[in-house]
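Structure, as structure tokens:
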2 protein chains.
Amino acid sequence: MLTERQRMILNAIVDDYIRSAEPVGSRSISKRGDVAFSPATIRNEMADLEDLGFLEQPHTSAGRVPSTKGYRYYVDHLVKIGEVNDLELERIRIFLADKMNLMEQVIQHAAMILSNLTNYTSIVLGPEIFSNSLKHFQLIPLNEDTAVAIVVTNTGHVENRTVSIPPGMDMSEMEKVIRILNMKLAGVPLTRLRSQLYSEVGAELGRYVTHCEQLLGVLDDALAREGDQRVYVSGTTNMLTQPEFKDVDKVKLLLDLFDETPTLMKLVGSLPDGIQVKIGSENGHQAISNCSLITASYSLDGQSLGTIGILGPTRMEYGKVISLLDVLSKDMVSTLSRWYK
Amino acid sequence: MLTERQRMILNAIVDDYIRSAEPVGSRSISKRGDVAFSPATIRNEMADLEDLGFLEQPHTSAGRVPSTKGYRYYVDHLVKIGEVNDLELERIRIFLADKMNLMEQVIQHAAMILSNLTNYTSIVLGPEIFSNSLKHFQLIPLNEDTAVAIVVTNTGHVENRTVSIPPGMDMSEMEKVIRILNMKLAGVPLTRLRSQLYSEVGAELGRYVTHCEQLLGVLDDALAREGDQRVYVSGTTNMLTQPEFKDVDKVKLLLDLFDETPTLMKLVGSLPDGIQVKIGSENGHQAISNCSLITASYSLDGQSLGTIGILGPTRMEYGKVISLLDVLSKDMVSTLSRWYK
DNA sequence: CGTTAGCACTCCAATCCATCGAGTGCTAAT
DNA sequence: ATTAGCACTCGATGGATTGGAGTGCTAACG
């Protein structure tokens, strides 16, 4: 579809624009050396590329700027996936070698590392704990009418909430119930926990316990979970250093978006495995119409664990970010798999 | 120190400036009605007030703006503590009546309510869990070499972390240890937990358990806590609507500050009980030199529980914010005390 | 003596204007 | 097919000009 020379020129323009954030003219391309044609020739090609929709002109007599389509072509055909340089690699290795306690810590730190290395904003979707299974369930009374329910999953994740105890419930009975629960429910995926609670355990409990229905209600309460996935956003302020966000109003739109967990989840979540690039308007959100989102979803044993995403201006360093995400997500998977097996 | 008329004028200027964010001139004061003097007279007084350091002039031939000293005088002597209007009051009551599970939830929601009602940013220091005591301790093995340690306090707060189990540790021994720990340590304030662990329990454990020292190490590890207090910041983007933050660089400074938990804690924490106002440079931080911080520390039975703070431009609605904080903190104390007793 | 009207003065902010330069499109020459 | 040349466009930059809001001072007034 494009001639070799057009590709070279498009590549040069995108590269230049990524560095400078300013419309690039024919002369500067010509001077770069890798496209050895005169400005006039390049101008002609640029006009063609604009007709084809790969470039845009802010106004006549300004240089060209890549369009969404231009970026798309760039990431699909032109971008050179950068080598992750030694310093970066070292930081990633150190980070992964550092013994961390919880899977959540790993995820969260990964987000920080990424936003540091790239100077963009990272959005990380925590492991889908729905896909984990129950390790241990505990109910700890605080006083006569309230107790803390604690759920521990096989990955070491801990959820807790307080529930109220129905009056007349007996301590020793409760302990009995908890013992039964742990015996019957250990290993059950969290998704099926509540249904299993009624179908399997309900009957058996009836024999031992008087206030069975109330107790089941409490347990149901304890296991009802909102917001199962956590979203970690890191390096928000990095965006503010980008010239495309010198306008406070845009900043506000962006930051408000970061606060809306559900929207973020929709944005980052439910993407196919591997590395995905969404450019500008492609992700269809007002506040980030001039941003690109690069995501890497990682999984373990076929189970999707979560997604790491980097949000930057459309004019972002695709090659570098993609290589970083690639390395990090692969390393994370191997590290996580070593731990949880 | 100030004449009655000077007070009236100062009050009028601060009020006007809070509304308009623009230097206020003598004419507009005169027209307000509540200071029935001619502009000329007011000019003279304004000149005096400037000499005394209560007002500042951005440049000759601009109106006056309150100085830090001016604001200080205003909040100390002039401000009318607003009535909390019915709508606001209702929202607070509803929020408090809403049955919430954890103390932390209450705190966090309070922050949100406040930033919503005021359109400023709220910074809330969670309850000092140091001052709480141990309710229950639990160690749940995940696999051969790791376990999750869970600490539950008397207020229902749950802390958890994973620890590695020394090789050769036996399950049944561990259960024994945990039973002893809970018997010996229940009710002990978290602050003294670690010392008590060694002094009281250490000896007794020696009798039952073989790998005593290692186990103590594990427990020590589990109880070592960084970041005991949590800081909740809510409504950060509200600041961006204030004209004093139309400059992106200032926004970045501010947002970076919000990300620095320790700095925030220093800023909000360790303040005497009751309502405190820190104006502009008084809080001595570059990023918020043009902000004021109003804090309310609340306590229960003499124990300091935490602090609620509202951060706004120096030009903030002191009267309104103070009254809101007052109502909310008092209501919170009474609600919390009803629960945890 | 306190208050006020009047007036000259200051200084920011907005507007206009000229200029500059980077970049283009087109044409003609190579 | 490529390129040199040239006229043209258009935003950005940097004074000058002007308008208006506000001041300080002085003199008049009750």
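Within every chain, numbering begins at 1; the chains are lettered A, B, ... in the order of the sequence lines, protein sequences first and strands thereafter.
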Check nucleotides 10-16 of chain D for protein N or O atoms closer than 3.5 Å to its own N or O atoms and list the pairs.
{"unit_1": "D:dC10", "atom_1": "OP1", "unit_2": "A:T60", "atom_2": "OG1", "d": "3.3"}
{"unit_1": "D:dC10", "atom_1": "O4'", "unit_2": "A:S61", "atom_2": "OG", "d": "3.2"}

Would you tabulate the nitrogen or oxygen pairs shorter than 3.5 Å linking the protein to nucleotides 3-6 of chain D?
{"unit_1": "D:dT3", "atom_1": "OP2", "unit_2": "A:S38", "atom_2": "N", "d": "3.2"}
{"unit_1": "D:dT3", "atom_1": "OP2", "unit_2": "A:T41", "atom_2": "OG1", "d": "2.6"}
{"unit_1": "D:dG5", "atom_1": "O6", "unit_2": "A:R43", "atom_2": "NH2", "d": "3.2"}

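For B:D259, the side chain to side chain contact (heavy atoms under 4.5 Å, CB included) criterion is met by A:T236, A:T237, not counting sequence neighbours. Residues satisfying the side chain to side chain contact (heavy atoms under 4.5 Å, CB included) test with A:D249, not counting sequence neighbours, are A:D247. For B:A47, the side chain to side chain contact (heavy atoms under 4.5 Å, CB included) partners at least two apart in sequence or on another chain are B:R64. With sequence neighbours left out, A:Y73 forms a ring pair (Phe, Tyr, Trp, His ring centres under 6.0 Å) with A:F54, A:H77. With sequence neighbours excluded, the residues that form a side chain to side chain contact (heavy atoms under 4.5 Å, CB included) with B:S30 are B:P39, B:I42. Not a single side-chain hydrogen bond (donor to acceptor under 3.5 Å, both in side chains) links A:T314 to another residue, sequence neighbours left out.
Applying the ring pair (Phe, Tyr, Trp, His ring centres under 6.0 Å) definition to pairs two or more places apart or across chains, none involves residues 244-289 of chain B. Here salt bridge (Lys or Arg N to Asp or Glu O under 4.0 Å) pairs that include residues 13-24 of chain A, with residues two or more places apart or in two chains, are A:D16-A:R19, A:D16-A:R32.
Closest approach of B:N119 and B:Q242 over heavy atoms only: O-NE2, 3.8 Å.
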Show your working on side chain to side chain contact (heavy atoms under 4.5 Å, CB included) between B:L257 and B:T263 and close with a plain yes or no.
CA-CA 7 Å; B:L257 178 71; B:T263 313; 3.7 Å; yes
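The CD atom of B:E56 sits 15 Å away from the P atom of D:dT23 (whole-angstrom rounding). To the nearest angstrom, P of D:dG24 lies 8 Å from CE of B:M46. One atom, CD1 of B:I42, and another, C1' of C:dT3, lie 12 Å apart when rounded to the nearest Å. Regarding A:E45, its CD atom lies at a distance of 11 Å from the P atom of D:dA1, rounded to whole Å. Between B:L49 atom CG and D:dT23 atom C1' there is a gap of 15 Å when expressed in whole angstrom units.
Dashed line: the shortest gap from a side-chain N or O of B:R64 to OP1 or OP2 of D:dG22 is not under 4.0 Å.
Contacts between residues 16-34 of chain A and DNA chain C, defined by a heavy-atom separation below 4.0 Å, involve A:G25, A:S26, listed by number.
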Could you list the donor-acceptor pairs under 3.5 angstrom formed by side chains in residues 81-88 of chain A, with sequence neighbours left out?
{"unit_1": "A:N85", "atom_1": "OD1", "unit_2": "A:L87", "atom_2": "N", "d": "2.8"}
{"unit_1": "A:N85", "atom_1": "OD1", "unit_2": "A:E88", "atom_2": "N", "d": "2.9"}
{"unit_1": "A:E88", "atom_1": "OE1", "unit_2": "A:N85", "atom_2": "N", "d": "3.2"}

